Amino acid sequence: MVNDSKNKIKTISILVPTPSPVPYSYALRADQTAGPGSIVQVPLGPRQVSGLVVEDLPDAKPIDPAKLREVTQVFDCPPITPDMLRFIDWVAKYTLSAPGMVARMVLRSPTAFDPEPPTKGIVATGTQPERLTDARRRVMEQVAEEPQMAWTRSGLAHATGVTTSVIDGLTKLNVFSEIEIPARPIVAKPDPSFGEPELIGDQRDVAEGLAATVSEQKFSVTLLEGVTGSGKTEVYFEAIAAAINQGKQVLVLLPEIALTQVFLERFHDRFGAEPAPWHSDLAPRTRERVWRQVTEGQVQVVAGARSALYLPFQNLGLIIVDEEHDAAYKQEDRVFYNARDMAVVRAHLGGYPVILASATPSVETRHNAQEGRYKYERLDKRYADAALPTLKAIDMRKSPPQRGGFISPALIEAMQETLERGEQSLLFLNRRGYAPLTLCRACGHRFECSNCSAWLVEHRFRKQLVCHHCGHNEHVPESCPECGTFDHLVACGPGIERIAEETLSHFPDARIIVLSSDMTGGVKRLRLEMDAIAKGEADIVIGTQLVAKGHNFPNMTMVGVVDSDLGLANGDPRAAERTFQLLSQVTGRAGRTGKKSVGLLQTFQPEHPVMQAIISGDMDAFYEKQIDERERGKMPPFGRLASLIISAATRLEAEQHGRALRGAAPIAKDVMVLGPAEAPIAMVRGRHRFRILVHGDPRTNIQAYLREMISKAPRPRGSVKVQIDVDPQSFL
DNA sequence: AGCACGCCGACT
DNA sequence: GTCGGCGTGCTC
C-alpha cells in the first residue's frame, strides 16, 4: 500500500482479469480496509469485476492519479493465504500468462465472496400458548421432544402437518422467537475411524508409509504405483485419514470427476461422508457454497477436477493426484497448465506432501521416482480375488478378418465362448463414428475438412461427415463433389459404429451396447447405460476411451482391442506411452472380480515394444526404454527443452513490447513451436504462432531432437509441431 | 479476457 | 434504410 500524503488516498495493487502483466492500481476509501489477499469488486472499463489485492511491485511505475478509480466493495471473505498468492504468481510466471488471469481461476465463484446469508429459523421460547387448538397441540408436542431444536417455519409446519400460519400465529404469541440458523455445511465431516479397512501385505506397509509421510507435514512427492485392483485407492485413503487427524484439509484431484460416482461412494464407505465435489458442471449454488466453505476451512476434503487446484484452501495439508498420467489434467486454453505439475508446485510452496497415484505413471513421474527425487511406493499384486487377465496378441497378418470386416476369427471365437458362458465381452476401439475416411472410387477424392484438412469421419447413424478436430460437419452427399459420379463413395477403415454393425452380423441375438462420447443424452444417460451393463443387461459392449475408466463390470471377462496399433504412429512423442497406458487400462477392465478372464489385442505389429510390454506385463522394461529414448534425444528431454524454450520465449516477451512478436523472431531454421502441450510456450498470447529461437546450448540435445522431428515429419512444410512436457521440479 | 467502437455486406 | 460480421484498441 502506498500513502499519497497530499490527498490521503490509499492506493492498492489489484489483480484484475485482463492480460496485463502487472496488477492495476485502485483507490481505497478511508472507510474500507483491504490488504494482500483481500477479494474486492472494482470497476474495469464499463463493467464491474472481482479482483485480488496483492503486494505492490517494488519497481512499479506510478500511474496517473487522474486515472485511479475507487474500489467498489471489499468482500467479507477470509483473505487468500500468502502461500496461495505466491502460487498464483508462480503459475503466472511459469505458464507465461497474466497473473490476473491466474487469479481469475481462483475467484471463479463470483457470488461466493460474501458470506452465505443465514436462513431464518425459529426456536421455542418455553412459553405455552394460552389457547391450545388441535393444530397448536400437535406443534407443541413435536417441539417438546427436543425443546432446544431450531426449526425453519416450513420445516416445522411440514413435520406436524399444519400450515405455516399456525406457526406464525404462535410466533406472534411469543411461543417461538426468530433466530438465524447458520448455513448448513455442504457435506458432513469425514470420520477417519468410520470404515477402517483391513489392509493386507504390502498394502499395509505402503499405507503406513504414506500416513507417516503425511504426518511429517513437509513437502514431498510420492509416486504410488499400483496395478488395477491392487487397492491403490484404499491405501491412499489412509493418507487422507492421517491428514484429517491432523486437522488438515485434503484435495483429491481426479481426471473426470463428473463420471466418477464410484469414487464418491468408496470415499463414503471409508469415511462415512462424501467429499465436497468440484468440477465444471457443478450447479452454481453448490459451486458457490463449496467455494465458500473451502475458504472458510469448513470443508475438510474436496474431490475435484483440475480446476479444484485453484480453490483457496485455508489449511491444506495433502494433495492427491489420482491417475496422474491422465491427459485430462492438461488445460490447453487460456492459462496453459498441467494440474499434476502445478499440484507439485502448490504443495512445495505450502510445505506439505503430494501423492501421485497411477497404475501406469507418466514416464517423467516414473523417472523422478526412480531417480529418488520422488518417494516410490508400489503395489504389484491384485487383491480381493481380482486376477489379471491373460493377455494375448492376435497377429492380424496371420489371422485376418473376413473380407470387408475388421474382427478376426480368433476374437469372434472368444466372444462366442464368452457369450456361451453367460459372461460379458468388451470390444474396444478408440475411434468414434462409422469410418475415418470416405473416398470416391471413381476419382479418388477424399473428404477433408475445409478448416483443418483432417479427414472427415463418417457418422452413419447421424448421416453426417464430421471433423473430429473442429466439429465441422456436413451431410453425406449422394455423389462425389469432385467428379459428380453417383454411388461410388466408399467408407474406409473402422469406427465403433461399423464394429457394432459387424458384431451384430455375427451375433444377431446378443444384447449389444455401444458407448461413446457422441451418444445422445450426455453424462446422465451414460451413467444409466453403465449401470445397466454392470447389472448384466448387455452381452457385448462396444466402446471408445470412455469405457476405459470408471465403472467396474463384474461379469466382464473378455476384452478385445480391435486396433491396438491405433495411436502408435501419429507423430506424438508420447504415442508409445499413451498407447501403453490406454491398453493397460482397457485390458484391466476384465477380471476385476476373480473370474478367469482374457484380453485379446488385434495388432499388425506384435513385436512392437508397446505390445510386448502389455503382453508380458513387464512394465519396468518398458519404462526403461522410454526413459532411455528420451535421454538419447529421441524424445523431449526432461525439462530441459522446455526450459530453453521458456528462456527464449521470455526473451521474446521482453523484446516484444507491443508488436515485435508479430513479426517472427529469428529461429533455428524451420522450427516452429505451434502450441504448448501445456505450460510454457509464449504463444499463449493471442492466436499467433510464434517462432522461437532455440539457441544451441551444447549441453542439451534439443537440436538433435528437433532435427529428428523434422526429418520424420510426414509433410515437411517448413514447420513441425513440437509438443512440450515439462518437469516443474526443474524450476522450483 | 471482455467490451466498445467502427466500418463494410445482406436483409427484417 | 438497419443488423451483424470481426478488426482494432483499451481497461488502473
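Bear in mind the structure is a predicted one, so any value in this text is a computation, not a measurement. We name chains A, B, ... by the order of the sequence lines, and we start the count at 1 in each one.
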Open item on the list: Classify Pro43(A) by what it touches in the nucleic acid, base, sugar-phosphate, or nothing, heavy-atom distance under 4.0 Å.
Closed with: sugar-phosphate
TODO: Grab the CG-P distance between Leu44(A) and dA4(B) for me, whole Å please.
DONE: 12 Å
- [ ] Compute whether any side-chain donor of one residue and acceptor of the other, for Asp56(A) and Ser13(A), lie under 3.5 angstrom apart.
- [x] yes
Task: Name of the residue among Asn315(A), Leu316(A), Leu311(A) meeting side-chain contact (heavy atoms from CB on, under 4.5 Å) with Val294(A) - done: Leu311(A)
- [ ] Mark yes or no for whether Glu482(A), through its side chain, and His445(A), through its backbone, hold a donor-acceptor pair below 3.5 Å.
- [x] no
- [ ] Look at the side chain of Gln249(A) and the backbone N and O of Gln314(A), then say whether any donor-acceptor pair between them is shorter than 3.5 Å.
- [x] yes
Task: Centroid-centroid distance, Tyr337(A) to Tyr329(A), less than 6.0 Å - done: no
- [ ] Side chain of Arg47(A) only, please: which of dC12(C), dC3(B), dT11(C) is the nearest?
- [x] dC3(B)
Open item on the list: What's the closest nucleotide to the side chain of Tyr24(A) if the choices are dA1(B), dA4(B), dT11(C)?
Closed with: dT11(C)
- [ ] Quickly work out the Ile14(A) CD1 to dC12(C) C1' distance and round it to whole Å.
- [x] 9 Å
- [ ] Pick base, sugar-phosphate or nothing for Leu68(A), based on heavy-atom distances below 4.0 Å to the nucleic acid.
- [x] sugar-phosphate
Task: Options dC12(C), dA4(B), dA1(B), nucleotide nearest the side-chain atoms of Lys67(A) - done: dC12(C)
Task: Length of the line joining Leu52(A):CG and dA1(B):P, which is rounded to integer Å - done: 19 Å
TODO: Could you tell me the separation between the CG atom of Leu107(A) and the P atom of dA1(B), rounded to a whole number of Å?
DONE: 17 Å
- [ ] Report which part of the nucleic acid Pro17(A) touches: base, sugar-phosphate, or nothing (heavy-atom distance under 4.0 Å, all strands).
- [x] base
Task: Distance in angstrom units between Gln48(A) CD and dT11(C) P, rounded - done: 16 Å
Open item on the list: Whole angstroms only, please: what is the CZ-C1' distance between Arg69(A) and dC12(C)?
Closed with: 8 Å
Open item on the list: Just the rounded figure in Å: distance from P of dT11(C) to CG of Asp64(A).
Closed with: 11 Å
- [ ] Could you state the atom-to-atom distance from CE of Met101(A) to C1' of dT11(C) in whole Å?
- [x] 13 Å
